[in-house]
Amino acid sequence: MELEAQGNPAMNKVLLILSCILLSIGNCGGPLIMRLYFIHGGKRVWFSSWLETGGWPIILVPLIITYLNRRAKQGSSTKRFFMRPPLFIASAVIGILTGFDDYLYAYGVARLPVSTSSLIIASQLAFTAAFAFLLVKQKFTSYSINAVVLLTIGAGVLALHTSNDRPNGESNKEYFAGFFMTLGASALYGFVLPLVELTYKKAKQAITYSLVMEIQMVMSLFATLFCTIGMLINKDFQAIPREARAFELGETKYYVVIVWSAIIWQCFFMGAVGIIFCASSLLSGIVIAVLLPVTEVLAVIFYREKFQAEKGVALALSLWGFVSYFYGEIKDDKKKKQIPIETQVPQDITNP
């Protein structure tokens with residue numbers, strides 16, 4: 001028997017908070033540790049993109065724990081995995097798209113400062129909102145529209161004076177290549193998030209959090225396979241030992257950086273799909289956008305990047321947009337509670 005589908009409001013809130021924490025760790029820590037790899041001698045873009053999903057075996061740990069828990073209650077007939085073939089195929093396709101997105105993003109981070117790449121990624125919210133409207137018929141309230149507008153303006157404010165952050169010695173060609181690669185990554189992941197939500201809705205089976213972890217594992221596996229092909233063509237595997245020996249922080253710290261990079265990025269992806277499961281792809285995009293100024297501040301602290309007044313304004317706008325979204329959600333939730341139960345339309349979470 002499968003686990004019960006989502007239906008416990010208290011547990012849903014716990015999972016939502018946990019997912020937000022995981023996404024915060026990954027969204028802020030991922031770009032910083034990736035940039036650390038590049039500024040201290042790392043040069044392998046395919047390897048760096050591989051690390052974004054290469055930590056997928058970590059997901060096996062909670063899956064094994066939940067399986068053992070089910071087995072203790074249900075006996076030897078317990079299913080190891082819930083995923084059916086159609087859902088597996090859909091997850092594999094999304095995983096390949098994610099792998100391509102990983103490469104685009106890693107290429108951008110290799111060429112741009114964290115502050116610049118982060119502000120470009122903020123445009124992802126606009127793409128997520130547009131694709132969520134087209135793919136899953138996302139309903140917008142005045143509060144969610146206000147949040148999208150504020151967060152987008154915040155990203156625009158950050159765009160002022162970005163040329164001051166251009167790395168020394170980098171050509172115009174390299175800089176603009178990184179810029180457009182990062183913009184492409186933003187647009188593609190803005191498409192992937194609603195696509196994941198659509199997959200949940202179209203799945204002809206109950207979506208549980210265990211199944212969400214399985215979906216993420218398959219997505220990460222195929223994204224990693226996609227990047228592995230790139231690494232083989234680029235001969236990255238042979239170059240890793242040489243790169244480790246030449247790493248400015250030392251060989252041991254090189255391996256520490258790549259291991260933690262894989263772990264932190266897996267937090268990002270688990271947080272993103274978890275928020276989609278508990279709420280929506282739009283909220284996932286909003287959380288990613290609101291964390292942008294936090295990443296900016298951390299880049300200033302750890303890499304001594306410049307912190308202009310524009311970044312402070314962007315931080316205020318992002319927090320305002322975040323509060324606006326959740327204020328609207330709280331008001332909407334109160335309205336639903338005031339409606340008599342018999343007049344509410346039951347939602348089928350297994351079919352749209």
Side-chain angles (χ1 to χ4, degrees), residues 15 18-38 42 44-67 81 83 88 91-92 94-107 109-110 114 121 185 188-189 192-193 196 209-232 234 236-237 239-241 243-244 247 252-277 284 287-288 291 295:
L15 288 175
L18 175 62
S19 297
C20 287
I21 293 172
L22 288 174
L23 184 57
S24 299
I25 293 171
N27 196 65
C28 296
L32 292 173
I33 199 166
M34 181 182 284
R35 187 61 181 165
L36 181 68
Y37 164 80
F38 285 115
R44 299 286 162 174
V45 175
W46 276 112
F47 178 45
S48 188
S49 61
W50 185 93
L51 289 172
E52 291 183 59
T53 52
W56 64 267
I58 296 171
I59 304 175
L60 287 171
V61 176
L63 282 176
I64 291 172
I65 292 173
T66 55
Y67 167 72
F81 296 101
M83 186 177 291
F88 177 86
S91 301
I94 297 174
I96 293 171
L97 291 175
T98 301
F100 182 51
D101 181 77
D102 290 344
Y103 175 76
L104 294 176
Y105 181 73
Y107 189 97
V109 172
V114 173
I121 287 296
L188 183 55
Y189 202 64
V192 166
L193 289 176
V196 171
Y209 194 69
S210 293
L211 183 56
V212 167
M213 288 191 288
E214 292 177 21
I215 292 171
Q216 177 54 39
M217 185 176 70
V218 173
M219 286 168 53
S220 293
L221 172 61
F222 277 85
T224 304
L225 290 174
F226 178 87
C227 294
T228 299
I229 295 172
M231 287 184 67
L232 290 171
N234 202 42
D236 281 6
F237 287 106
I240 290 173
E243 193 172 71
F247 197 60
T252 301
K253 289 185 178 179
Y254 174 87
Y255 291 108
V256 170
V257 167
I258 64 175
V259 168
W260 274 105
S261 181
I263 294 172
I264 290 173
W265 276 117
Q266 203 54 229
C267 289
F268 171 85
F269 287 109
M270 278 304 302
V273 298
I275 291 174
I276 295 172
F277 169 72
S284 187
V287 174
I288 291 172
L291 290 169
T295 307

One pair to check against side-chain contact (heavy atoms from CB on, under 4.5 Å): Glu52 and Gln266. What are the steps and the verdict?
CA-CA 7 Å; Glu52 291 183 59; Gln266 203 54 229; over 6 Å; no
Go through the steps to decide whether Val192 and Asp101 satisfy the test side-chain contact (heavy atoms from CB on, under 4.5 Å), and finish with yes or no.
CA-CA 9 Å; Val192 166; Asp101 181 77; 5.6 Å; no
Kindly determine whether Trp265 and Tyr105 satisfy ring-ring contact (aromatic ring centres under 6.0 Å, His included), including the steps that lead there.
CA-CA 12 Å; Trp265 276 117; Tyr105 181 73; 5.7 Å; yes
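Residues Val109 and Pro31 share a closest heavy-atom pair of CG1-O, 4.4 Å. Here the closest heavy-atom approach between residue Ile33 and residue Trp260 is recorded as CD1-CB, 3.6 Å. Smallest separation of non-hydrogen atoms from Ala223 and Gly99: CB-N, 3.6 Å. Taking every heavy atom of both residues into account, Ile264 and Ile25 meet most closely at CG2-O, 3.6 Å. For Tyr209 against Ser19, the heavy-atom pair with the smallest separation is OH-OG, 4.3 Å. Nearest heavy-atom pair across Thr295 and Cys28 is OG1-CA, 3.6 Å.
The aromatic rings of Phe226 and Trp46 lie tilted to each other, with the angle between the two planes from 30° to 60°.
Between the CE atom of Met83 and the CZ atom of Phe88 there is a distance of 7.5 Å, given to the nearest 0.5 Å. One distance of note links OG1 of Thr224 with CG of Asp102; it measures 8.0 Å at 0.5 Å rounding. To the nearest 0.5 Å, atoms CZ (Phe277) and CE (Met213) are separated by 10.0 Å. With rounding to the nearest 0.5 angstrom, the CG atom of Leu51 is 13.0 Å from the CZ atom of Arg44. Annotation: the span from Ile275 atom CD1 to Leu22 atom CG amounts to 9.0 Å, rounded to 0.5 Å. Here the CD1 atom belonging to Ile96 is positioned 8.5 Å from the CD1 atom belonging to Ile229, to the nearest 0.5 angstrom.
Side-chain atoms of Gln216 and Ser220 include a donor-acceptor pair closer than 3.5 Å.
Residues Trp50 and Asp236 fail the side-chain proximity criterion, which asks for heavy atoms closer than 4.5 Å. Between Met219 and Ile215, some side-chain heavy-atom pair lies under the 4.5 Å cut-off.
Within a 6.0 Å sphere centred on CZ of Phe100, other residues, nucleotides and ligands contribute 12 heavy atoms or fewer. For CZ of Phe81, the number of neighbouring non-hydrogen atoms (other residues, nucleotides, ligands) closer than 6.0 Å is 12 at most.
The main-chain N or O of Cys20 is found under 3.5 Å from a side-chain atom of Ser24 such that the two form a donor-acceptor pair.
With sequence neighbours excluded, the residues satisfying side chain to side chain contact (heavy atoms under 4.5 Å, CB included) with Ala272 are Leu23, Tyr189, Leu193, Ser284. Legend: residues meeting side chain to side chain contact (heavy atoms under 4.5 Å, CB included) with Tyr254, ordered by chain and number and at least two apart, are Tyr37, Phe47, Ile240, Glu243, Ala244, Phe247, Ile258.
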